[in-house]
There are 2 protein chains.
Amino acid sequence: MRDYIGFLQGNNLKATFQRISILKSIDKHGHMNIDEIYDDVKEQNPTLSLATIYKNIILMQENNILVEVPIVNKKSKYEIRKSKHIHYICLNCASIEDYEISFDEQVSSLNLPHKEGFEVTDTQINLYGYCSKCH
Amino acid sequence: MRDYIGFLQGNNLKATFQRISILKSIDKHGHMNIDEIYDDVKEQNPTLSLATIYKNIILMQENNILVEVPIVNKKSKYEIRKSKHIHYICLNCASIEDYEISFDEQVSSLNLPHKEGFEVTDTQINLYGYCSKCH
DNA sequence: ATCCTTGCAAATGATTTGCAAGAGT
DNA sequence: ACTCTTGCAAATCATTTGCAAGGAT
């Protein structure tokens, strides 16, 4: 179990139960979109509002606690920032699995020509297909 | 200049000037979001409606003429389906440059372990950073 | 002539905002 | 105590839909 309170206070964000619930929910499930977070978190805290989730997702992205994972034809999901990895995304059930591979490994293995003047600072690699349950 | 009429008729879609304008606009600029297409296309056809753009973007995706490019924290862009490539996306000006590299090359160069039971059918590789104009 | 497509306006859905009350430090 | 955060309701923005008129084949 991660130190959610530390994540928050380290960024001068108060450790409210709403924020901790959101982080716990995302961490438990790996990758979630706004509605999934809302549904999950409401079970424990029925009064927690959607607006609070929106505000905090934005805030936590700005503070590098969360990362957005945009997905073709679906609403974006969010994950806790963690060691560099790529995503296997199921086209059927939209589940996401991670595979850890460092930034340097990703960039170098792609074997790209140095694109003149373009400075790469981050990568986003998604492999779409069908997970073991869906094919 | 591509054969937009052929793309459309090949999919049993009528070659209206609205559809041709949309395709020309996307092709000319490479990657565009809905609003950019609307603004661009309105210059030649002031009556062309936003609803028509939405309807056609969906239709052309279903017919594999267009491909969605989802982007962190921005509205998705769309491009003409063409040979396999990856994207260099500028975090400052959101411009996108293509680099051609085949599906097989992408998958094999990533040097992934065979993820049990996951069948990869498509890839999405975006390299974020700063383009030559923006750093 | 027929059927598909468009443009409009309305409906719906998603996200953001302002502000008074409440919670965290 | 002080300040930040929440929840609500309203506002705004994005997307979809129904339908009559117009356009493509």
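So that the names make sense, note that chain A is the first sequence line, chain B the second, and so on, each numbered from 1. This is a predicted model, so every value here is computed, not measured.
Listed by residue number, B/Tyr54, B/Lys55, B/Ile58, B/Lys75 are the residues of residues 53-80 of chain B with a heavy-atom contact under 4.0 Å to DNA chain D. For the segment residues 5-20 of chain A, residues with any heavy atom less than 4.0 angstrom from an atom of DNA chain D are, sorted by number, A/Leu13, A/Lys14, A/Thr16, A/Gln18, A/Arg19. For DNA chain D, the neighbouring residues in residues 41-49 of chain A, judged by any heavy atom under 4.0 Å, are A/Thr47, A/Leu48, A/Ser49.
Counted within 6.0 Å of NZ on B/Lys24, heavy atoms from surrounding residues, nucleotides or ligands total 12 or fewer; the atom is thus considered open.
A/His31 has its side chain out of reach of A/Ile89: every pair of non-hydrogen atoms, C-beta onward, lies at least 4.5 Å apart. Contact of the A/Leu8 side chain with the A/Ile20 side chain is registered, since non-hydrogen atoms from C-beta on lie closer than 4.5 Å. By the 4.5 Å heavy-atom criterion applied to side chains, A/Asp98 and A/His87 are counted as neighbours.
Boundaries of the chain A contact region on DNA chain D are D/dT3 to D/dC8, first to last in 5' to 3' order (nucleotide atom under 4.0 Å from a heavy atom).
Judged as a side chain to side chain donor-acceptor pair (under 3.5 Å), the pairs with a partner in residues 5-19 of chain B (not counting sequence neighbours) are, in order, B/Arg19-B/Asn56.
Checked against salt bridge (Lys or Arg N to Asp or Glu O under 4.0 Å), B/Glu36 has the following partners two or more places apart in sequence or in another chain: B/Lys77.
For A/Asp27 (side chain) and A/Leu23 (main-chain N/O), no donor-acceptor pair under 3.5 Å exists by modelled atom type.
Neither side chain, B/His135 nor B/Asn92, offers a donor N or O lying under 3.5 Å from an acceptor on the other.
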